[in-house]
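See below for the structure under consideration.
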Protein chains: 2
Amino acid sequence: MKSKHVSIRDVAKHAGVSIATVSRVFNKTSFVSEELIEKVLTSAKELGYHPNRVAQSLRKGQTKTIGFLIPDIVNPFFSSMVKGAEDFLKSLGYIILLCSSSGDREKENELLVTLYSRKIDGLIAITLEENNPLIDSAISQKVPTILIDNVVNRPFVSCVASDNYGGVKKLMNYLIETGHSSFAFLSGDPIIYSAKERLKAFKDTVKGKDDFEFEILFGEYTYESGIEMVRKLSRIPDAVVCGNDMIAFGAMVELERQGFRIPQDVSVTGFDDILFSRMSQPPLTTVRQDAYLMGRAGAELLINAINEEIKNEVVLLETTLEIRGSTRERK
Amino acid sequence: MKSKHVSIRDVAKHAGVSIATVSRVFNKTSFVSEELIEKVLTSAKELGYHPNRVAQSLRKGQTKTIGFLIPDIVNPFFSSMVKGAEDFLKSLGYIILLCSSSGDREKENELLVTLYSRKIDGLIAITLEENNPLIDSAISQKVPTILIDNVVNRPFVSCVASDNYGGVKKLMNYLIETGHSSFAFLSGDPIIYSAKERLKAFKDTVKGKDDFEFEILFGEYTYESGIEMVRKLSRIPDAVVCGNDMIAFGAMVELERQGFRIPQDVSVTGFDDILFSRMSQPPLTTVRQDAYLMGRAGAELLINAINEEIKNEVVLLETTLEIRGSTRERK
DNA sequence: CTGTTAGCGCATTCAA
DNA sequence: TTGAATGCGCTAACAG
């Protein structure tokens with residue numbers, strides 16, 4: 001039965017040295033004789049001592065803690081980012097303070113205050129809206145901040161995102177090569193950076209070209225929204241290009257319900273390549289983006305920002321076209 | 001351009017009061033005259049002051065921080081638990097320190113040291129193995145600890161899990177009522193508490209009854225394992241009862257590949273009811289357990305343990321049978 | 001009702 | 001090489 005907290009003082013007394021020596025042994029901050037190192041380590045082990053990180057944080061002015069603000073931890077796309085970041089940060093002794101905003105902007109601001117008052121060394125945020133007030137908050141607090149899946153040009157803020165534009169371009173080129181000439185684009189909410197970029201790539205591909213017919217619908221990045229948008233389609237095109245995979249799943253279900261065969265009657269594509277995309281029937285042709293890597297890249301950027309004051313950088317990650325069974329190869 | 005950190009002393013000076021008064025205003029810990037409250041609040045706002053939680057933690061000996069140890073944050077089943085816990089804890093001013101163990105027991109221990117040295121007020125852990133060394137660790141540190149999806153009887157440790165046994169019982173009863181009499185059970189690794197319980201319920205139902213034929217295979221809670229186990233089946237039974245939904249998805253794909261129709265030729269069932277279970281073709285008959293609720297219940301238990309010293313309780317949550325298209329209704 | 005002060009556990013100066 | 005003393009920002013006695 002040990003006492004409640006064993007502090008550096010207990011170890012010092014037990015080892016017959018000063019607290020400064022104990023501190024030096026644990027921090028290797030200056031030379032201590034072998035003899036004393038031994039003594040201190042033995043005493044520490046015997047008492048079950050571990051340095052109190054709270055006290056260290058207060059003293060050193062850094063907490064080795066990173067705030068992570070995320071709309072929905074249950075979404076594997078977002079949680080993959082957390083994992084990517086965590087795996088990297090952990091190796092450097094950082095730990096993640098997790099905050100779910102649930103997309104609620106008011107909550108988001110409260111959470112930021114909490115995070116800042118807990119003296120996080122840096123912040124990684126996934127925000128749905130492209131222009132979010134938190135960005136200004138971050139700047140005024142001067143906490144190094146990384147935005148993932150969003151791109152802005154502001155001081156103290158770096159960004160990581162996939163090349164959404166390039167991804168959809170690749171996809172559209174493939175569809176055109178394989179003989180598709182009429183399209184529907186089922187967009188996510190264009191307040192979101194990624195949705196906007198994907199939409200832009202689609203428009204840039206088809207607009208003003210007489211060879212193509214197209215139609216654009218707006219919804220959300222959800223299964224239900226995919227179903228709904230298909231119902232609103234004025235006609236069924238060669239290819240239904242979806243803003244993300246969830247929309248595509250909804251679209252596929254609704255198209256089949258209406259009696260269309262995929263891909264014989266209509267091709268369907270997604271974006272993201274989530275786990276289930278290769279398991280659906282038919283497996284989904286989609287643009288693969290690596291959320292884990294985005295998280296990791298964000299964390300690396302953040303550590304740079306913390307250490308080297310590089311505070312305004314944008315990293316765009318490559319995407320890969322995954323051709324599967326939901327698109328036909330020839331008309 | 002403000003100075004780096006604004007402390008309670010800065011506010012006190014600016015407002016012309018003592019730091020104790022400032023503290024009292026923010027903590028409402030004793031009466032302060034309206035006049036001074038006003039002054040302090042104005043100064044605080046002007047300077048952008050927020051109490052430093054790190055200093056508070058050191059002083060008060062509590063961090064309002066909960067450690068959350070989880071095998072894989074990307075798995076929606078686990079992340080739902082995090083969400084459930086977080087939603088509740090947030091409302092009480094707690095925040096979550098997230099740690100992924102990746103199932104690595106060595107890492108798990110390192111992470112625990114980190115968590116303890118950061119003086120978490122409590123720990124919520126999802127551990128794969130039923131008997132995990134972390135449990136002893138938790139006991140020796142006297143940090144209130146909750147195990148989710150696992151049940152042990154130890155001091156300082158409370159547990160939350162679904163009624164896995166009852167769930168499989170319900171499921172088996174339904175299958176028997178609908179005329180199934182030969183079964184295969186595709187189990188997860190029985191080192192895991194839930195896998196063990198589900199297996200037990202299956203065995204208890206079919207064993208020693210001449211009416212039933214059955215076969216049991218062991219694998220993991222994964223899609224790939226489902227495929228593999230189906231390949232090892234000695235014959236195709238009336239119903240393939242899977243340890244969880246991921247196994248069921250693998251099983252369905254492999255059964256269909258082998259030319260069996262679901263549910264006409266063979267029924268397939270899962271456990272968990274993850275998001276995609278209702279989206280698969282055919283939609284999966286499964287036992288629904290509410291991961292979000294488990295997380296929330298765990299958090300509630302933890303707060304009780306922290307406040308009231310209730311430190312050894314087990315909560316078993318009800319499950320629901322979700323009958324969908326992957327099981328036939330009559331032979 | 002308000003101010004002064006001690007000390008939470010630690011890292012870091014400054015002396016020795 | 002080691003120890004004593006200071007203070008990080010704050011809360012909680014205690015005194016007035």
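Chain letters run A, B, ... following the sequence lines, proteins first, then strands; residues in each count from 1. Values below: all heavy atoms of this structure, side chains included; hydrogens, waters and symmetry mates excluded.
- Rounded to an integer number of Å, the gap from Lys60(B) NZ to dA13(D) P is 12 Å.
- Without hydrogens or angle criteria, Ser102(A) side chain to Asp104(A) main chain gives no donor-acceptor distance under 3.5 Å.
- Rounded to whole Å, the distance from CZ on Arg59(A) to P on dG9(D) is 10 Å.
- Around atom CD of Gln62(A), more than 12 heavy atoms belonging to other residues, nucleotides or ligands sit under 6.0 Å away.
- Atom-to-atom, CZ of Arg53(B) to C1' of dG9(D) comes out at 14 Å; the value is rounded to the nearest Å.
- Base engagement by Ser23(A) is indicated by at least one non-hydrogen atom pair under 4.0 Å involving a base atom.
- Looking only at side-chain heavy atoms (C-beta outward), Arg9(B) and Val22(B) stay at 4.5 Å or farther from each other.
- Picking from dG3(D), dT2(D), dC8(D) the nucleotide with the shortest atom distance to the side chain of Ser33(A) gives dT2(D).
- The side-chain heavy atoms of Ile95(A) and Leu97(A), taken from C-beta on, include no pair separated by under 4.5 Å.
- Over its full length, the helix from dC1(C)-dG16(D) to dA16(C)-dT1(D) turns its helical axis through 40°, comparing axes from the five pairs at each end and rounding to 10°.
- Contact between the side-chain N/O atoms of Thr21(A) and the OP1/OP2 oxygens of dG3(D) is found at a separation under 4.0 Å.
- Atom CG of Asn27(A) is separated from atom P of dC10(C) by 10 Å (rounded to the nearest Å).
- Look at CD1 on Ile8(B): it is 11 Å from P on dA12(D), rounded to the nearest Å.
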Between the protein and nucleotides 13-16 of chain C, are there any N/O to N/O pairs under 3.5 Å, and if so, what are the atom names and distances?
none

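- Within a 6.0 Å radius of NZ in Lys90(A), more than 12 heavy atoms belonging to other residues, nucleotides or ligands are found.
- To the nearest angstrom, P of dG9(D) lies 12 Å from NZ of Lys13(B).
- Whole-Å rounding puts the Leu47(A) CG to dG9(C) P distance at 14 Å.
- For the pair Val152(B) and Tyr193(B), the minimum side-chain heavy-atom distance is 4.5 Å or more.
- You'll find the side chain of Val143(B) reaches within 4.5 Å of the side chain of Tyr116(B), heavy atoms only.
- If you check every strand for non-hydrogen atoms under 4.0 Å, Val54(A) touches nothing.
- Counting heavy atoms from C-beta outward, Ile70(A) and Leu98(A) have side chains that approach closer than 4.5 Å.
- Nearest nucleotide to the side chain of Arg9(B), out of dG3(C), dT2(D), dC10(D): dC10(D).
- Separating the CD atom of Gln62(B) from the P atom of dG9(C) is a distance of 14 Å, rounded to the nearest angstrom.
- The number of heavy atoms from other shown groups lying within 6.0 Å of NZ (Lys64(A)) is above 12.
- Comparing Val22(A) and Phe31(B), the nucleotide of DNA chain C nearest to each residue sits closer to the 5' end for Phe31(B).
- Within the nucleic acid shown, Phe26(A) has no heavy atom closer than 4.0 Å to any nucleic acid atom.
- Contact annotation: the side chain of Met81(B) approaches that of Ile126(B) to within less than 4.5 Å [non-hydrogen atoms, C-beta and beyond].
- Using a 4.0 Å heavy-atom criterion, one finds that Ile19(A) contacts the bases of the nucleic acid, with or without backbone contacts as well.
- For the pair Gln56(A) and dA11(C), the criterion of a side-chain N or O lying under 4.0 Å from OP1 or OP2 is met.
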